[in-house]
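Throughout, a chain's letter reflects where its sequence line sits, starting with A, and its residues are numbered from 1.
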Amino acid sequence: ETGVTQSPTHLIKTRGQQVTLRCSSQSGHNTVSWYQQALGQGPQFIFQYYREEENGRGNFPPRFSGLQFPNYSSELNVNALELDDSALYLCASSLLAVTTGELFFGEGSRLTVL
Amino acid sequence: TQLLEQSPQFLSIQEGENLTVYCNSSSVFSSLQWYRQEPGEGPVLLVTVVTGGEVKKLKRLTFQFGDARKDSSLHITAAQTGDTGLYLCAGVDNTGKLIFGQGTTLQVKP
């Protein structure tokens with residue numbers, strides 16, 4: 001176990017709705033990264049948070065937004081859901097100072113948009 | 001944009017066979033990582049290679065980093081059904097973020 005927990009594990013939404021996914025990072029880790037993973041594909045970087053500030057963003061539209069809290073836990077919010085948003089959303093925690101970029105992943109939140 | 005390309009994308013073999021998965025890029029990476037992901041779970045780090053030409057072994061798994069630090073390979077000897085999963089290579093891009101290849105799905109049949 002990595003110590004990274006995500007909730008909920010599964011959820012179903014309809015097109016146009018909004019969703020919030022939550023992540024608790026591993027103890028001592030100050031950085032949280034979010035990834036979107038389609039079935040059988042590699043994870044795609046959404047954004048990263050460090051000390052409650054966004055610290056880099058991938059090629060995702062503004063309707064994907066996030067927060068990091070003082071305890072380093074994080075939320076991913078997606079507005080105006082589209083069918084293509086159906087995927088596994090992975091949260092990973094790390095220490096920003098580790099330049100090799102090693103990440104510790106949670107088990108993910110499986111989002112289905114109907 | 002730095003990209004990591006893995007091959008093959010899908011591999012189905014019998015238990016006991018050997019296999020090699022490749023991860024290639026046109027860009028230099030300061031380090032590369034290999035992760036393994038099982039269905040319903042997040043990726044789990046297997047190894048990080050840092051030095052060009054480096055070889056690391058993890059039981060039946062052998063990882064190699066290319067001399068020019070643009071490519072890496074994962075070789076599994078005598079595959080077992082428990083090796084089944086999605087294998088991902090990843091590297092830190094020039095913005096400092098970890099990017100992944102598209103993955104290799106390995107199926108080991110008994």
What residue, out of A/G56, A/G108, A/P43, has the most heavy-atom pairs lying under 4.5 Å from chain B?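 Winner by heavy-atom pair count: A/P43.
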Set of residues satisfying salt bridge (charged side-chain N to carboxylate O under 4.0 Å, His left out) with respect to B/D93, sequence neighbours excluded: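 Residues passing salt bridge (charged side-chain N to carboxylate O under 4.0 Å, His left out) with B/D93: none at all.
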Chain A contact via [X] - side chain, backbone, both or neither, heavy atoms under 4.5 Å:
| X | answer |
| --- | --- |
| B/F29 | neither |
| B/Q37 | side chain |
| B/Q33 | side chain |

Which of B/L32, B/L4, B/T48 touches chain A most, by non-hydrogen pairs under 4.5 Å: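 The answer is B/T48.
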Find the one option among B/T104, B/I99, B/L98 whose heavy-atom pairs under 4.5 Å with chain A are most numerous.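 The answer is B/L98.
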So, are B/D83 and B/K59 salt-bridged, with charged N and O less than 4.0 Å apart?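 Result for this pair is no, no salt bridge flagged.
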Are A/F60 and A/L76 connected into the same hydrophobic cluster when the rule is that any two of I, L, V, M, F, W, Y join if their side-chain heavy atoms are below 4.5 Å apart?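 Result: yes, single cluster for both.
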A/Y35 and A/F45 aromatic ring geometry - parallel, tilted or perpendicular at 30°/60° bounds: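 A/F45 and A/Y35: perpendicular rings.
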Heavy-atom cut-off 4.5 Å, strictly under: side chain, backbone, both or neither for [X] against chain B?
| X | answer |
| --- | --- |
| A/Q41 | both |
| A/Q6 | neither |
| A/L88 | side chain |
| A/L103 | both |

Taking atom types as modelled, find out whether B/H75 and B/T20 have a side-chain donor-acceptor pair closer than 3.5 angstrom.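 Their side chains do contain a donor-acceptor pair, which is all the 3.5 Å distance test asks for.
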Donor-acceptor pair, side chain of B/N18 and main chain of B/A78, under 3.5 angstrom: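 Yes; at least one donor-acceptor contact below 3.5 Å.
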Which residue pairs satisfy the disulfide (SG to SG under 2.5 Å) criterion with at least one member in residues 80-110 of chain B, sequence neighbours excluded?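 Those involving residues 80-110 of chain B are B/C23-B/C89.
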